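Read the structure below first, then the notes.
Quick caveat: nothing in here was measured; it's all calculated off a predicted structure. Per chain, numbering begins at 1; letters A, B, ... match sequence-line order.
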There are 2 protein chains.
Amino acid sequence: MLTLDQVARLSGVSRTTVSRVINNSPHVRPATRDKVWRVIQETGFQPNLVARSLAAGRTRMIGLLIPRPVTNLFNDPYFSVVIQAVASACNAHDYSVTLWLAEPTFERHMARRLLNQTLVDGVIVSSAQLDDPVLHALIDSKRPCVVIGRHAASDCLSYIDVDNRGGAFAAVRHLIDLGRQRIALISGPRNTAPGLDRHEGYREALAQAGLPYDSALAEESDFTYEGGCQAMRRLLNQHPDAVFAGGDILAVAALHVIHGAGLKVPEQVAVVGFDDLGLAVSARPPLTTIRQPVHQSGSLAVETLIDLIDHPEHKPRHLVLPTELIVRTSCGARCAQVSDVNCRSTGLETA
Amino acid sequence: MLTLDQVARLSGVSRTTVSRVINNSPHVRPATRDKVWRVIQETGFQPNLVARSLAAGRTRMIGLLIPRPVTNLFNDPYFSVVIQAVASACNAHDYSVTLWLAEPTFERHMARRLLNQTLVDGVIVSSAQLDDPVLHALIDSKRPCVVIGRHAASDCLSYIDVDNRGGAFAAVRHLIDLGRQRIALISGPRNTAPGLDRHEGYREALAQAGLPYDSALAEESDFTYEGGCQAMRRLLNQHPDAVFAGGDILAVAALHVIHGAGLKVPEQVAVVGFDDLGLAVSARPPLTTIRQPVHQSGSLAVETLIDLIDHPEHKPRHLVLPTELIVRTSCGARCAQVSDVNCRSTGLETA
DNA sequence: GTGAAAGCGCTAACAG
DNA sequence: CTGTTAGCGCTTTCAC
């Protein structure tokens with residue numbers, strides 16, 4: 001493989017000049033530049049990124065850390081979308097991503113490694129538990145870092161969150177407006193921000209409507225289909241007339257258990273989910289849900305991080321993106337015929 | 001941040017010795033080793049990976065390239081599982097992954113970049129189109145490379161494939177054994193290996209049973225929910241009594257369209273899918289499907305690649321992993337009550 | 001504008 | 001067993 005020196009020799013200039021050319025330095029005479037470019041084209045020279053990184057002190061690579069819930073990755077498109085958004089934004093900014101899926105076994109090992117990892121210029125952390133120690137370690141490391149989602153200690157960190165509380169509030173409020181009275185909740189783990197915040201929104205909406213909060217109606221689950229099924233089975237004993245599930249996968253699980261019990265959705269039990277990442281459109285009946293801008297979170301995280309890498313002196317940036325109620329048929333607001341509507345993502349409408 | 005030199009000075013040895021210690025060289029006296037380790041512990045020294053990579057000529061990092069179908073990432077858990085499997089296997093072998101999600105715009109740009117990318121020791125390519133030029137470029141680059149899935153030119157490349165043809169054959173055979181006569185197909189694009197090979201398996205099974213191949217019953221689609229819906233709508237005019245969908249997401253789409261037309265699954269139309277990555281268990285009714293070992297493909301790909309990195313002289317390795325028929329209720333082989341069974345992944349059984 | 005020289009922080013012969 | 005000596009391939013002052 002070619003080196004700068006060889007290209008320099010071939011084009012009759014110094015290594016420095018070639019370096020300037022490939023880095024688009026303005027201080028090169030056009031004629032020289034052309035001459036060098038020609039050789040680069042002919043030889044297909046590509047600079048050695050490792051060497052470049054060492055000399056420049058920057059790798060143009062960021063780390064994407066997804067701490068816990070490896071199992072969720074299977075069914076829940078959330079992380080797919082995050083990963084895709086981050087990768088895509090990195091592409092656009094000429095950065096690379098390296099992916100760290102933390103597994104329990106490697107947790108400590110990794111935390112250490114990534115902190116002093118000089119192979120990345122910064123890191124994005126997605127969906128930590130509220131008390132995840134990794135984040136504290138990251139803060140201590142002084143390394144540029146952006147969190148996707150909220151975290152107990154994230155005030156001193158930049159983060160991009162979505163309005164989980166507001167979304168949950170809107171979901172429950174919607175059910176109340178439709179006349180539902182016994183509204184159950186299936187939430188994610190309350191030691192995670194989405195679990196906690198959506199729970200809050202649920203309580204608030206009940207409170208504002210003067211409805212009692214009944215802890216027997218508020219199930220805590222994990223974000224898995226199986227967990228959702230179990231929670232819903234317990235809830236059936238409480239005879240709810242509506243369920244707000246803090247995640248579409250939980251909502252889908254709820255739908256199935258409800259159907260399995262011979263009840264009708266939305267007539268007997270209305271269901272509203274949270275996410276709108278694809279599961280919702282293809283559920284039966286199509287899910288009314290809260291859309292969260294996951295893709296946007298990802299790209300904003302990348303942009304925020306790059307800004308932080310370029311300007312370490314910048315203050316932490318805190319963004320909370322709005323969520324949006326998407327009304328379909330699982331809530332009973334309207335009962336579209338089971339036809340084309342299910343199959344088009346363009347069939348989505350805002351209430 | 002500390003350097004080897006400083007650690008060397010602090011522990012009163014040479015830089016080389018410290019290097020030996022952190023690389024577990026056996027040629028260090030235990031006493032010296034301990035002395036150095038103590039300093040490393042106290043100072044929290046972490047070697048600079050970029051410098052190490054430059055000197056050693058290896059980065060311990062591999063690239064995972066997912067060429068085309070970015071859109072699929074949203075709904076289809078296939079890529080989630082691949083990504084997760086690869087990341088996890090890398091973890092286990094003390095490698096890192098960098099993720100390249102090829103977007104149309106960046107295709108050419110990327111191909112170039114990744115080929116001469118000295119930042120990775122090798123690359124894994126997942127799910128290319130059969131004629132994807134990226135693969136030819138990779139072959140030319142002489143860089144260690146493993147393909148997940150089959151490819152037109154992959155004989156000179158190592159690959160890990162699953163038995164798509166055999167799986168499709170088993171699926172259709174199963175339907176035939178259940179007495180179905182007008183068996184439709186919804187396949188993925190035929191310029192992809194899974195699209196093509198599952199189509200082949202379908203034809204073979206028909207042929208072996210003496211059933212005619214009717215091209216009006218064999219729909220080509222993409223691997224999206226919407227595509228599956230459209231294909232199924234066209235198929236309804238042909239009045240099939242069974243559908244083999246070459247992907248669970250297509251099968252789920254088929255289910256919905258069939259239901260939407262007022263037909264019963266499996267009584268009037270039996271459905272069998274392909275993948276078994278989570279969608280199948282949570283479909284209504286639970287999908288009979290062909291399970292493909294995606295996770296295993298990922299880890300084998302990593303192991304094969306690492307072997308190739310360590311031993312570039314090794315011959316390309318070709319693995320085809322077996323698939324497995326998983327019988328649930330959508331095919332009519334048995335009609336379990338809609339109860340717990342849907343919610344347990346342990347409820348899976350082999351026919 | 002261009003080049004010479006000095007590293008970036010580490011590994012790897014080669015001596016001792 | 002340990003240290004000395006060269007680099008790995010590039011960027012970056014600093015002169016000219």
* Below 4.0 angstrom from OP1 or OP2 of D:dT2, is there any side-chain N or O of B:Arg29? -> yes
* Asked: Roughly how many Å is it from CG in A:Asp5 to P in D:dG7, rounded to a whole number?
  -> 13 Å
* In whole Å, what is the span from the CG atom of A:Leu4 to the C1' atom of C:dA4? -> 15 Å
* Asked: Per the atom types in the model, does the base of D:dG3 pair as donor or acceptor with the side chain of B:Arg20 at under 3.5 Å?
  -> yes
* To do: Check whether any side-chain N or O of A:Thr17 sits under 4.0 Å from OP1 or OP2 of C:dT2, and answer yes or no.
  => no
* May I ask you to verify if any side-chain N or O of B:Thr3 is less than 4.0 angstrom from the OP1 or OP2 atom of C:dG9? => no
* Structure fact -> When rounded to whole Å, the CG to P distance for the pair A:Asn23 and C:dT2 reads 15 Å
* Would you say A:Arg52 reaches D:dG9's phosphate, i.e. side-chain N/O to OP1/OP2 under 4.0 Å? -> no
* Rounded off to whole Å, could you give me the NZ-to-C1' distance for the B:Lys35 and D:dC1 pair? => 12 Å
* Check whether more than 12 heavy atoms from other residues, nucleotides or ligands sit under 6.0 Å from atom NE2 of B:His311, and answer yes or no. => yes
* To do: Might you work through the side-chain contact (heavy atoms from CB on, under 4.5 Å) test for B:Val147 and B:Ile160, ending with a clear yes or no?
  => CA-CA 6 Å; B:Val147 179; B:Ile160 316 288; over 6 Å; no
* To do: Indicate whether OP1 or OP2 belonging to D:dT2 is found under 4.0 Å from a side-chain N or O atom of B:Thr32.
  => yes
* To the nearest angstrom, how far is B:His27 atom NE2 from C:dA12 atom P? -> 12 Å
* N/O donor-acceptor pair, side chain A:Thr16 with base C:dA4, under 3.5 angstrom -> yes
* Checking all strands, does B:Val50 fall into the base, sugar-phosphate, or nothing category for heavy-atom contacts under 4.0 angstrom? -> nothing
* Asked: Between B:Ser19 and C:dT11, does any side-chain N or O lie under 4.0 Å from OP1 or OP2?
  -> yes
* Apply side-chain contact (heavy atoms from CB on, under 4.5 Å) to B:Ile309 and B:Tyr95, showing your working. => CA-CA 12 Å; B:Ile309 291 169; B:Tyr95 269 73; 4.1 Å; yes
* **Side-chain N or O of A:Asn48 closer than 4.0 Å to phosphate OP1/OP2 of D:dC8** => no
* Parallel, tilted or perpendicular: rings of A:His318 and A:Tyr159 (30°, 60°) -> parallel
